[in-house]
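No hydrogens, no waters, no symmetry mates; every other heavy atom, side chains included, goes into these values. Residue numbers begin at 1 in each chain, while the letters A, B, ... track the order of the sequences.
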There are 2 protein chains.
Amino acid sequence: MAVSIKDVAARVGVSPGTVSHVLNGNKEARIALATQDRVRRIAAEMGYRPNRLARSLGRGRTDTIGLLISGLRNPFFVDVLESAEALALEAGYEVMLDAAPSAHGTYQGHGKLRDWAVDGVLMWAVSSQSLERVLGTQAAQTTPVVYIGAVRKDDTDWVSFDLYDGGRQATEHLVSRGYRRIAYVSPYAFGEDRHEEPRHLAYKGVCAAAGLKPEFVLLHGEETRAAGLAAGRALAARPASERPDAVFCHNDVIAVGVYCGVRRAGLRVPEDIAIVGFDGVEEAQYLEVPLTTVRTPVDALCRHALNILSRRLNGEAPPPREQALIATELIIGSST
Amino acid sequence: MAVSIKDVAARVGVSPGTVSHVLNGNKEARIALATQDRVRRIAAEMGYRPNRLARSLGRGRTDTIGLLISGLRNPFFVDVLESAEALALEAGYEVMLDAAPSAHGTYQGHGKLRDWAVDGVLMWAVSSQSLERVLGTQAAQTTPVVYIGAVRKDDTDWVSFDLYDGGRQATEHLVSRGYRRIAYVSPYAFGEDRHEEPRHLAYKGVCAAAGLKPEFVLLHGEETRAAGLAAGRALAARPASERPDAVFCHNDVIAVGVYCGVRRAGLRVPEDIAIVGFDGVEEAQYLEVPLTTVRTPVDALCRHALNILSRRLNGEAPPPREQALIATELIIGSST
DNA sequence: CGGTTTTGCACAAACGCTTGTGCATGAGAT
DNA sequence: ATCTCATGCACAAGCGTTTGTGCAAAACCG
């Protein structure tokens, strides 16, 4: 159907192999410059584009990297996707998205990444065990993976934001503004699997240093606006004396929900209650008061992660695993 | 590397062809039931999954459909993507996303869909000429395409929301609530290419019928929160006597921006100015006042479009083109 | 002008799978 | 016991590339 390498070869009067050599710039196969020109010209004229299925099959690589994230309903991940896609493209890779349908919540890959044989994977903060569910036992061992978005203790390549420092900045900011009852709104119960969450730790640390009593407000359910709203409502329903005067939200989407909840309950932000988010998504800048938040530079993270990954793919990276922490930045809005 | 069909065949003690026949349920090739069982059992044991590159190359189809949309920064398109992905999966297709990076605005495909030889395409409201830029002249002619999201005049398959009726409902709602100065906030100048935009038409029609003077507020730039905010600010800056008492926004993202703009300027919603959006994205339900909007049932649209597309792919659809309009539904929030 | 090197390209195997053809073997019929 | 048929599977070509080997012709050397 489409024009194949054979068509081009026939038209030029050479063999398909020759066309391939020319188009791939193979220096070993010395092709006369005149021939090269003709091949390139005719290929362009005919609008030839190599079939990537065949190409990938032949070369044993797809020039595609998988991006595994937990769902695009959080606009933060849209940023991640767009950033990764743009940067990957520059490096000559395509991105294949594998996101959990937000509806179902927990990720249940159907093996997309495995079946299409991606060369490598950028994996958002999913436990390494689920890597196997995604790639299969075999590929999980041989496919280079760079974890992103979480600090890890194990021997893997990863790039994360400096979540601890971000949490510190956020909490110290609240402390320095004079807030005394600062709560943390989190999807994770403290003391559970995720008890080492750096933001949690930083929050607790700063509270302790300031002589404040930490309070964790546990979200019921997912990290959604709805859950945030419920939490906000619940906070607002407390008598003023028992209500935090500031909350640090695990991320911006939650913060948006909390904001909505407390506002609908008639509280003023920041007069009655201050709110700090985390991530720096665009949406949170369109509340009546721009949200104070901790910006996580997605571009820098993706760039770093892709850098590591592509070096692994090219076999340029020697065994030692690479880890990196990307600095975060406090964005002071008007919600504090 | 990964376990191939040969490995399975060797282990079972049959030829690769036999394994293929069994696994694909080929009735023509009568394989003894006992053999079938062994093949299936061993294949499962070994964790065999056919390499989709090879499979697609062999069969001449990828079981993948392309989804072409203009960017995920508008959460509406996240809904479209998730819906399409879930429904496609049910029908045995994978979805390959091709979205314009929001940053660049205008779409500039790098031929992803063409190179990977998708079987068909779901295309959001992009002009048919740009189809060629996406698929190439050749594939553009042979690849089934179903356009979604816009009413078309040409002879193509398409599924759209009933935008006219949606616009009518929104405007009539405002009229019936007693608003007399109703403006339309739009990214398109009236009288331009898009002057037939059904929402525009409906708005104008309803205004005329009610004896109201239509006013188009033109957005400067893209369909973003930022542009909406600027428009909102500008409206709020007008003296009360020259200010609309209600605005119908082209979509929810714009409405969110407008809301933010007028609120920051001190106006109350809906007392000073009412706002209606379009699309029904989740985000817009988390303003202090839930946004009145026109819900466009994304799932129904995707289902219908995929239905048409898969029938075309299976050659089940006779020549007559299919078009469909999906009904919309007014969601009355508190912004009116 | 014979011999050596270089140049330029054709050739073919391989990637992993699908699918139609063909050939044994065994069962059934006479 | 022979013939016919159905059964069960192996076989091989093909999908569109890539890539290493090999061989002819042309260029160089003395």
Side-chain angles (χ1 to χ4, degrees), chain A residues 1-40 42-43 46-64 114-119 136 138-139, chain B residues 1-40 42-43 46-64 114-119 136 138-139:
Chain A
M1 202 93 328
V3 27
S4 81
I5 202 171
K6 274 190 209 160
D7 302 329
V8 176
R11 191 83 180 290
V12 177
V14 297
S15 78
T18 301
V19 174
S20 177
H21 282 129
V22 171
L23 263 28
N24 290 315
N26 186 339
K27 298 300 279 178
E28 308 306 309
R30 308 131 307 185
I31 309 290
L33 267 67
T35 310
Q36 294 196 25
D37 286 347
R38 285 176 46 234
V39 167
R40 273 190 261 270
I42 295 192
M46 300 179 72
Y48 169 69
R49 305 210 60 178
N51 179 322
R52 289 196 73 160
L53 297 169
R55 166 179 259 248
S56 298
L57 189 58
R59 316 184 89 172
R61 58 198 177 85
T62 50
D63 294 318
T64 296
R114 187 220 309 226
D115 295 347
W116 287 109
V118 296
D119 294 343
Q138 338 240 351
Chain B
M1 202 90 331
V3 27
S4 81
I5 201 170
K6 273 192 211 160
D7 302 329
V8 177
R11 190 83 181 289
V12 177
V14 296
S15 78
T18 301
V19 174
S20 177
H21 283 129
V22 171
L23 262 28
N24 290 314
N26 186 340
K27 297 300 277 179
E28 307 306 309
R30 307 131 309 186
I31 309 291
L33 268 66
T35 309
Q36 294 197 26
D37 285 348
R38 284 177 46 234
V39 167
R40 272 189 261 270
I42 295 193
M46 299 179 73
Y48 169 69
R49 305 209 60 177
N51 179 324
R52 288 196 73 159
L53 297 169
R55 166 179 259 248
S56 298
L57 189 58
R59 316 184 89 172
R61 58 198 179 84
T62 50
D63 294 318
T64 296
R114 187 219 309 224
D115 296 347
W116 286 108
V118 296
D119 294 343
Q138 338 240 355

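Distance, Trp116(B) CH2 to dT17(D) C1': 12 Å, rounded to whole Å. Atom-to-atom, CZ of Arg61(A) to P of dT17(D) comes out at 16 Å; the value is rounded to the nearest Å. For Leu23(A) and dT18(D), the CG to C1' distance is 12 Å, given to the nearest whole Å. Atom pair Asn26(A):CG and dT17(D):P shows a separation of 17 Å (rounding to whole Å applied). Atoms CG (Asp63(A)) and P (dT18(D)) sit 11 Å apart, rounded to a whole Å. Taking atom CG on Asp7(B) and atom C1' on dC17(C), their separation rounds to 13 Å, with Å as the unit.
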| said: I'd like to compare against my own output: the B/S/- annotation of nucleotides 9-16 of chain D with a strict under-4.0 Å heavy-atom distance to protein. | reply: BB----BB
| request: For Asp115(A) and Asn51(B), run side-chain contact (heavy atoms from CB on, under 4.5 Å): C-alpha distance rounded to whole Å, both residues' side-chain angles, the deciding distance at 0.1 Å, then the answer. | output: CA-CA 6 Å; Asp115(A) 295 347; Asn51(B) 179 324; over 6 Å; no
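Evaluation of the salt bridge (Lys or Arg N to Asp or Glu O under 4.0 Å) rule for Arg38(A) yields no partner, not counting sequence neighbours. Taking Ser20(B) as the reference, Ile5(B), Asn24(B) meet the side chain to side chain contact (heavy atoms under 4.5 Å, CB included) condition, with sequence neighbours excluded. Every salt bridge (Lys or Arg N to Asp or Glu O under 4.0 Å) that Asp63(B) has, sequence neighbours left out, goes to Arg61(B). Under the salt bridge (Lys or Arg N to Asp or Glu O under 4.0 Å) criterion, Arg52(A) pairs with Glu94(A), not counting sequence neighbours.
In this structure, the separation between CG on Asn26(B) and OG1 on Thr18(B) is 10.5 Å, given to the nearest 0.5 Å. We find the NZ-OH distance between Lys6(B) and Tyr48(B) to be 11.5 Å, quoted to the nearest 0.5 Å. Distance CG/Leu53(B) to OG1/Thr62(B): 10.5 Å, rounded to 0.5 Å.
Within the helix from dC1(C)-dG30(D) to dT30(C)-dA1(D), the inter-axis angle between the opening and closing five-pair segments is 50°, rounded to 10°.
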